[in-house]
Structure formats: structure tokens, C-alpha cells
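In each ligand, atom 1 is the first atom listed, and ligand 1 is the first ligand listed.
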Amino acid sequence: MSDYQYIITEEEGPVGIVWLNRPKVLNALNRAMVREILQAFEAYGQDDRIRVILIAGKGKAFAAGADIDEMAEEDSVSLELLNQFADWDRIGQIKKPIIGSVHGYCLGGGFELALLCDLLFAANDAKFAFPEINLAVMPGAGGTQRLTKLLGKTKALEWIWSGDMISAEEAFSSGIVNKLYPAEAIFEEALKFAKKLAEKPPLAVRLIKEAVNKAVDYPLQEGMYFERKNFYLLFSSQDQKEGMKAFMEKRKPDFKGY
Ligand code: DAK
């Protein structure tokens, strides 16, 4: 049992699950909830038993955006002083893999949270949008940047300017969603994948995440250099010795994570 107010955490073997849990307001993200998500992610990040993090929403939605009631009275100075983006930035620095299981609405800050996941599994009923434009604001937790890197400028502008609901199908065909499942199966399928990923050697999983993320930001040559360093690093791990020895001995490897 956890002491959180707006989320629930539970563990399924090596998978740490974070449930967004404000179903009455479609899991609208207030400040305290974002802080709790960060705390849970960082706790799982430190927990050697946990190899993969899975995030999903309770009730009818993943998350319908930042909590508008809480946001309405903010001004630029109060936002700067709250420095809440620091929590979002730290969520983006979690080294373990994060899988998002999305059903129902995934809007605004909810969509930005989903874009911080490494992989996204979506239910057929999922709806993605950046409705900020209808509130006369704009995405501020990475939406304009991450969506553009994934989709390119023209699609990103279309989605963010229109604020339109994007179907699960379109999100999938645009490449922001890895797989689609029926709503009743989505969480179990995402969990199944998370468990499969948790069997892989954790240090390799982590260094691959780091290297792939560099590909998004770095020019090719710098990215290649970074990749090579991580490649060398893995040859210093016990798991590399174990993985190759197990192959030669025709047995299942026992990966320790170091
Ligand atoms: N905030 C607060 N309450 C929300 C909410 C939200 N984002 N979304 C839904 N709710 C509440 C509704 O007010 C309603 O509450 P009651 O009236 O029952 O008390 C309840 O959830 C159920 O919603 P509806 O009755 O509206 O349900 P419908 O099925 O009719 O409509 C809807 C579902 C998702 C289309 C609609 O609720 C809707 O349009 N929701 C708002 C979507 C939206 O505009 N989201 C916010 C985008 S702006 C930041 C980081 C990030 C952000 C900002 C700052 N910093 C670090 C500073 C992000 C900003 C955004 O996300």
C-alpha cells in the first residue's frame, strides 16, 4: 500500500504500476498529482526489484489534461515561482523503461505525460488531443517539441492548432502509438509486454533507452559516438558475460542488472 492521494501504486513482479486515480475528473492532473507521479517513478527507479514502469488511468480516461480549476487563476509569475516544470523534466529523466497504457481521453498535459513514456499501448477508444488552444494557451510541458519530433512540423501544427480529437487509429498510423488493443484488453496486454521487457538484461535496456533518446536530439555523428560508449560499457557488465556464456551453454541466462 502507498500513501499517495491521487495515484495508486502496485507491483506485479518486476513491473511497477502507477495508476492515475482521480476518475471523477477524468484524472485531470493537479500539481500534487504530478509530484506524486514523479515520486513514484523515482522510487521505482531506485528499486532494484523493479525493471519496468507501467502507467495507466483508473476510470474512463488516461488523463483529460492539467486540472483547469487549479490552473485558471495562475499568472506567469506564480507559474515561474511554482517551477512545476522541474517535476516534468525529472519525469523525463527516469532511466528505466516507462510504458503507457492509454484508454479514453489522453489530452493536453495527459498527452504530454504519455509522450514522456517510452512506449505507448492504446485502446481502440483512446482519443488524443491538445485542447490548450481552446483555452487560449498552448502545450507547455513538451507537447510542441516532442510531438513535432515524432510527427514532423506540418502534422504537429495541425493537431496542436486544431485541438481536434485524434482517434487511436490515427495515432497508431502516425507512429505515436506502438500497438492498439480492444479497451477490455489494453491494460493486460501492456502489462504482458512490460513483463516480457522486464526479462531482458536491465543495464542493456537502460543504455539502449539512453542511446535512442540521443538519436532524437543529437546529430548522427555525435549520436554514433554516444552509442559506441554505451556499447563498450555493456562489455564491462556481468550480464554480458552471462548472456554470451548462457548462449554457448544452451541455457537461459540469469541477468542480474550489473
Ligand atoms: N481539469 C479539471 N476538470 C476536468 C478536466 C480538466 N482538464 N477534464 C474534465 N474535468 C472534469 C469535468 O469538469 C467534470 O467534472 P464535474 O463537472 O463532473 O464536476 C468531469 O471531469 C467529467 O467531465 P465532463 O462532464 O466534461 O465529461 P465529458 O465526457 O462530457 O467531456 C472532455 C470529456 C474530456 C471532452 C471534457 O471534460 C473536456 O473538454 N475536458 C477538458 C480538456 C482540456 O481542456 N484539458 C486541459 C488542457 S490544458 C503545466 C503543465 C501542463 C499543462 C499546463 C501547465 N505546468 C507544468 C505549469 C497542461 C495544460 C493542459 O492540459
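Nearest-residue assignment for atom 49 (C) of ligand 1 (options F85, Y105, F111; heavy-atom criterion): F85.
Between the side chains of E170 and S174, no donor-acceptor pair is found at a separation under 3.5 Å.
With hydrogens left out, the protein atom closest to atom 54 (C) of ligand 1 is M71 SD, 4.1 Å, a heavy atom. The protein non-hydrogen atom at the shortest distance from atom 41 (C) of ligand 1 is I68 CD1, 3.9 Å. Protein heavy atom at the shortest distance from atom 4 (C) of ligand 1 is V25 O, 4.0 Å. Shortest contact from atom 5 (C) of ligand 1 to any protein heavy atom: A28 CB, 3.9 Å. When hydrogens are left out, the protein atom nearest atom 51 (C) of ligand 1 is E112 OE1, 3.8 Å; that is the closest non-hydrogen contact. Atom 27 (O) of ligand 1 has as its closest protein heavy atom L26 CD1, 4.1 Å.
For the atom pair I99 CD1 and L197 CG, the distance stands at 5.5 Å (nearest 0.5 Å). To the nearest 0.5 Å, atoms CE (M138) and OG1 (T144) are separated by 5.0 Å.
Taking 4.0 Å as the cut-off between side-chain N and carboxylate O, D254 and K252 do not count as a salt-bridged pair. Comment: E242 does not engage K245 in a salt bridge, judged by the lack of any side-chain N to carboxylate O separation of less than 4.0 angstrom.
Of the heavy atoms in L82, none comes closer than 4.0 Å to ligand 1. The proximity of E74 to ligand 1, defined as any non-hydrogen pair under 4.0 Å, does not occur for either the backbone or the side chain. Under 4.0 Å from ligand 1, the heavy atoms of P131 that appear belong solely to its side chain. Only the side chain of W88 comes within 4.0 Å of ligand 1, judged by heavy-atom distances.
By the 3.5 Å distance cut-off applied to N or O atoms, G110 is not counted among the residues near ligand 1. For ligand 1, the polar-atom distance check finds an N/O of A64 within less than 3.5 Å of one of the ligand's N/O atoms. The shortest N/O to N/O separation between A66 and ligand 1 falls below 3.5 Å.
Under the 4.0 angstrom criterion, atom 12 (C) of ligand 1 counts as lacking any protein heavy-atom contact. For atom 39 (O) of ligand 1, the protein comes within 4.0 Å by no heavy atom at all. Distance remark: protein heavy atom not present below 4.0 angstrom from atom 25 (O) of ligand 1. Within 4.0 Å of atom 16 (P) of ligand 1, not a single protein heavy atom is present. In this structure, atom 30 (O) of ligand 1 has no protein heavy-atom contact shorter than 4.0 Å. For atom 7 (N) of ligand 1, the protein comes within 4.0 Å by at least one heavy atom. At least one protein heavy atom sits closer than 4.0 Å to atom 1 (N) of ligand 1.
When the shell of 6.0 Å around NZ of K200 is examined, it contains 12 or fewer heavy atoms from other residues, nucleotides or ligands. Heavy-atom neighbours of E249 CD from other residues, nucleotides or ligands within 6.0 Å: above the threshold of 12. With a 6.0 Å radius and a threshold of 12 heavy atoms from other residues, nucleotides or ligands, D48 has its CG atom at or below the threshold. For K241, the NZ atom counts as densely surrounded, since its 6.0 Å shell holds more than 12 non-hydrogen atoms of other residues, nucleotides or ligands. The local environment of CD in E222 is crowded, with over 12 non-hydrogen atoms from other residues, nucleotides or ligands closer than 6.0 Å. More than 12 heavy atoms of other shown residues, nucleotides or ligands fall within 6.0 angstrom of atom CD in E11. The 12-atom threshold is exceeded at CD of E10, counting heavy atoms of other residues, nucleotides or ligands nearer than 6.0 Å.
In this structure a side-chain-to-backbone donor-acceptor pair under 3.5 Å is present from E70 to R31.
Short contacts between ligand 1 and G109, defined as distances under 4.0 Å to a heavy atom of the residue, involve ligand atoms 58 (C), 60 (C), 61 (O). Taking every heavy atom of Q84 and a limit of under 4.0 angstrom, the matching atoms of ligand 1 come to 55 (N), 56 (C), 57 (C). The contact set between ligand 1 and G108, taken as ligand atoms under 4.0 Å from a residue heavy atom, comprises 61 (O). Near L107, meaning under 4.0 Å from one of its heavy atoms, ligand 1 places the atoms 34 (C), 42 (C).
A tilted orientation is assigned to the rings of F121 and F193, their planes being inclined by 30° to 60°.
Taking the six-membered ring wherever Trp is involved, the centroid distance between the rings of W19 and Y4 does not fall below 6.0 Å.
Residue K24 places a heavy atom under 4.0 Å from ligand 1.
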